Each structure stands twice: as C-alpha cells, then as structure tokens.
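A short write-up of the structure that comes next.
Side chains are part of it too, since the values below use all heavy atoms of this structure and drop only hydrogens, waters and symmetry mates. Along the sequence shown, the residues carry numbers beginning at 1. Just so it is clear, the model here is predicted, and its values are computed rather than measured.
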Amino acid sequence: MQDRNNSRTISRELHFGDNGRASQLYGDLNRNLLLLEKSSGVTINARGTDLTISGLAHEVELAAKLLEQLYELSGRGFAVYSTDFAFGLRVLEANPTARLDKIFLDKVYITAQNRVVSPRTQNQKYYIDAIRTHDLVFGVGPAGTGKTYLAVAMAVAALTTGQVRSIILTRPAVEAGEKLGFLPGDLAQKINPYLRPLYDALNDMLGMEKSATLIEEGIIEIAPLAFMRGRTLSNAFVILDEAQNTTQEQMKMFLTRIGFDSQAVVTGDITQIDLPFPKHSGLIHSRKVLNQVEGIAFCTFTRADVVRHPLVQKIIQAYESKSNSQSSTKSRTVKP
C-alpha cells in the first residue's frame, strides 16, 4: 500500500509569509528551486511567496519538508545557500523525520572570513558530538567528507576557549607513488608537501597571519608522525590525519603518546592506502583492536557525506562500483 501511495502524482501548496526570506530561499532567478527540481524529481511553480510542488507523492513530501525547514532556518538567522539544498535533501532522504536545525545550527567555529563552520550531514553531526564527548575519536571515510576540516575546527575552538593549551597536527610521511627525495632542503622541507592540507585548514580557520604566529610560538605544531616518537602529548588537541598510511606499529606509537587533559582525533580513508606491500594499515588494525574499548568513538562516513563539488560524490560512487564489479568477477572465477 505504501509503494502504491508513493507512486501517486500529487500537488502540494506552500505559503511563505515573508517576501524577503522567500526570495532568499528561492535564490537568484529561482536558482535554488531549479536545483531542487533537478535533484528531487518534482516540478515547482512559484508565484510570489506561494509555491506549488507537483510530482510523485514521496518526492513532493520530501521537497516540501526541505523547503519548510530551510525557510524556518532563515527566520532564525541562518543564511541559506544553494549547497544547503543538496545537503538537506540528503539528510531527509536518509531520515525523513530529521530536523535540519539540529544539524545546521550547530556552530563549531567562525572562521577568519566570518564563515560559520557547522556540520552539513547527519554523520558529520555524530562526529562533532563524538569529539565533544570522547577523548579519542576515529573518523573514517572517503575524501571530501569533512573529517580533517571539522577536526581542525574543533581543535581551534578548543584552543580559543582555553580547553587545551596547544594543537598538534600530524601525518605519516608516505610517498603516494611520487618520489620527493630529489627535492632540495632538509628533512622538514622535504616532508612539508605532505603537511600542506593541514596548513590550508588552519589558514582558513584563523587567517594566514594569526596561524603563522601561533605556529612560530609553538602553540600550534604541524609535524610528521615520526617526530611524535618518545613524546607525551599533554593538554593538547592532537589530530592524526591520513591515518590509513600508518603501520600497525606507528598507530600504536601515536595512540600511546596521548597524555593527561588531551584529546585525539584520528582520520583516514581506507580506500586510499599508500603503504608498500606487505605492510598493513594501522587504521584498519586499530578498528579491530579498539572497537570495544570504552571512551573511544568510531565514526564512519560514506559518499553521501561528501561536501565538496557534486562531481566528487559521483567520482567516489564510480570507483566504488568498479571495485565492487571487479570483486564480484573475481569471486565467480574458479581455478581449474
């Protein structure tokens, strides 16, 4: 019966009382409404502050919920952008009863450009909440899901509110098929390209000048994982990025560096492991070993959490489909 109802074609009218908020919701030349039509499969007819949504029942209800909640958010001071339509639609597709205000209004940090950093998917919200309530959090998932960026935002927020005295950002220096040994300079200069994404995130949060000052003063440290050996990291917010490229020994070394009043976030993408054979990823191993340890949270992201260019989500999906197809072919092959 539910499927039969969902296959019905219906129309639903929405009435928005505030012309200014309605205009912001629609976007320039109704751009946001056109994007919603394309992504949800409905047809939207706008007449001033009134909308008529037509299409399959479940698609109309989904689009109506999205528009109503985004309109409500705009009344609470939330600036609605076209990307919020895509993010909001994904959230409601996964959970039709979800409240977007619980996600979008969760302010993590306000950047140097006065831009609010907040979660944009349900999994990002889980991730932020886990960081707030756990001393060690693993964020695992594909590129573009905000694992590192949100962790850096939480670290900067913790530093500025006095929860920690320093931020330590680290990555394993593993060559992804590219040899950097010929480059001039000392060891630190050679490995700097591996750490560039961490500098970019910090510069976005704090601005280049303030970020450089804090690094010079030693309040923020960005270093390769090998430099962590033998240290105790106390009263710090520590982020291990690209953790899929740690060995089992390196991961154990890092996790045992955590000192008192410190918090650690480990991020990685297990589909992009650059370790040479036969070494095994410390990130994969740690999930098996630490899965039941109290005080540790594991957050998993999927391609639905990608918050980069829409093509990134499609690219990840294409690679996943190809990988699954190859795995299926191998499983059907029987050796003579």
Side-chain angles (χ1 to χ4, degrees), residues 76-79 101-120 123-139 145-171 195-225 227-243 253-268 293-299 307:
R76 299 171 65 178
F78 182 82
D101 58 343
K102 302 295 184 183
I103 301 174
F104 289 1
L105 293 183
D106 186 352
K107 295 181 180 180
V108 176
Y109 189 75
I110 300 178
T111 70
Q113 293 76 34
N114 206 34
R115 186 174 61 83
V116 177
V117 178
S118 61
R120 282 296 183 267
N123 282 334
Q124 287 190 349
K125 173 63 174 172
Y126 292 152
Y127 183 53
I128 292 300
D129 288 341
I131 294 174
R132 287 173 175 149
T133 56
H134 293 76
D135 290 334
L136 175 58
V137 176
F138 287 79
T145 51
K147 306 182 300 296
T148 302
Y149 192 80
L150 288 174
V152 171
M154 290 293 288
V156 172
L159 180 67
T160 55
T161 56
Q163 297 177 45
V164 296
R165 289 202 298 261
S166 63
I167 296 174
I168 299 174
L169 309 177
T170 184
R171 275 185 164 195
L195 307 173
R196 190 71 251 170
L198 298 176
Y199 284 102
D200 291 342
L202 274 178
N203 290 339
D204 193 33
M205 298 292 167
L206 298 167
M208 293 186 67
E209 185 175 343
K210 186 174 182 180
S211 177
T213 299
L214 291 175
I215 291 172
E216 184 177 351
E217 293 174 350
I219 296 174
I220 296 178
E221 179 182 354
I222 304 178
L225 181 58
F227 288 16
M228 298 297 110
R229 190 173 299 277
R231 300 178 59 185
T232 299
L233 309 176
S234 299
N235 209 324
F237 196 114
V238 191
I239 299 174
L240 170 58
D241 193 34
E242 295 289 318
M253 179 274 291
F254 171 79
L255 295 177
T256 54
R257 298 305 94 200
I258 302 171
F260 290 107
D261 300 318
S262 284
Q263 188 170 9
V265 178
V266 179
T267 69
V293 177
E294 187 177 354
I296 300 176
F298 286 86
C299 301
V307 291

Tyr126 side-chain N/O to Cys299 backbone N/O, donor-acceptor pair under 3.5 Å: no
Sorted by chain and number, sequence neighbours left out, side-chain hydrogen bond (donor to acceptor under 3.5 Å, both in side chains) with Arg76 holds for Asp101
If you compare all heavy atoms of His134 against all heavy atoms of Val137, which two are closest, and at what distance to 0.1 Å? CB-CG2, 3.8 Å
If only atom types and distance count, is the side chain of Arg171 paired as donor or acceptor with the main-chain N or O of Asp241 below 3.5 Å? no
Between Arg231 and Phe227, the two heavy atoms sitting closest are CD-O, 3.4 Å
If you take all heavy atoms of Lys147 and Thr267, which pair is closest and at what distance? O-CG2, 3.9 Å
Could you go through the side chain to side chain contact (heavy atoms under 4.5 Å, CB included) check for Arg257 and Val238 one step at a time? CA-CA 10 Å; Arg257 298 305 94 200; Val238 191; over 6 Å; no
Residues forming a side-chain hydrogen bond (donor to acceptor under 3.5 Å, both in side chains) with Gln263, sequence neighbours excluded: none
Indicate every side-chain donor-acceptor pair of residues 206-214 with a distance under 3.5 Å to a residue at least two apart or in another chain.
| residue | atom | partner | partner atom | Å |
| --- | --- | --- | --- | --- |
| Ser211 | OG | Asn203 | OD1 | 3.3 |
| Thr213 | OG1 | Glu209 | O | 3.0 |

Report yes if the side chains of Met228 and Leu240 come closer than 4.5 Å at any heavy-atom pair, otherwise no. no
Output for pair (Tyr199 OH, Ile222 CD1), nearest 0.5 Å, gives 4.5 Å
Side chain to side chain contact (heavy atoms under 4.5 Å, CB included) between Val117 and Met205: does it pass, once the steps are laid out? CA-CA 9 Å; Val117 178; Met205 298 292 167; 4.2 Å; yes
A side-chain contact here means heavy atoms from C-beta on lying under 4.5 Å apart; do Leu136 and Leu255 qualify? yes
Could you go through the side chain to side chain contact (heavy atoms under 4.5 Å, CB included) check for Val265 and Tyr127 one step at a time? CA-CA 10 Å; Val265 178; Tyr127 183 53; 3.2 Å; yes
Does Pro224 reach the side chain of Leu195, with side-chain heavy atoms less than 4.5 Å apart? yes
Between the OG1 atom in Thr148 and the CG atom in Leu150, the distance rounded to the nearest 0.5 Å is 9.0 Å
Other residues, nucleotides and ligands only: do more than 12 of their heavy atoms fall within 6.0 Å of CD on Glu216? no
For residues 106-115, please give each side-chain donor-acceptor pair under 3.5 Å, one per line with the distance, not counting sequence neighbours.
| residue | atom | partner | partner atom | Å |
| --- | --- | --- | --- | --- |
| Asp106 | OD1 | Arg132 | NH1 | 3.2 |
| Asp106 | OD1 | Arg132 | NH2 | 2.7 |
| Asp106 | OD2 | Lys125 | NZ | 2.6 |
| Asp106 | OD2 | Arg132 | NH1 | 2.8 |
| Thr111 | OG1 | Gln113 | N | 3.3 |
| Thr111 | OG1 | Arg115 | N | 3.1 |
| Thr111 | OG1 | Arg115 | O | 3.4 |
| Arg115 | NH2 | Tyr149 | OH | 2.5 |
| Arg115 | NH2 | Asp204 | OD2 | 3.2 |

Is the backbone of Gly259 close enough, under 3.5 Å, to the side chain of Thr232 for a donor and an acceptor to pair up by distance? no
Can you tell me how far apart CG (Leu202) and CD1 (Ile215) are? Round to the nearest 0.5 Å. 5.5 Å
Sequence neighbours excluded, which residues qualify as salt bridge (charged side-chain N to carboxylate O under 4.0 Å, His left out) partners of Arg120? Asp84
Decide yes or no for Val156 and Phe237: does some side-chain heavy atom of the first lie under 4.5 Å from some side-chain heavy atom of the second? no
Pairs under 3.5 angstrom only: tabulate donor-acceptor contacts from the side chains of residues 163-170 to other protein residues two or more places apart or in another chain.
| residue | atom | partner | partner atom | Å |
| --- | --- | --- | --- | --- |
| Gln163 | NE2 | Thr161 | OG1 | 3.0 |
| Thr170 | OG1 | Ala223 | O | 2.8 |
| Thr170 | OG1 | Leu225 | N | 3.0 |

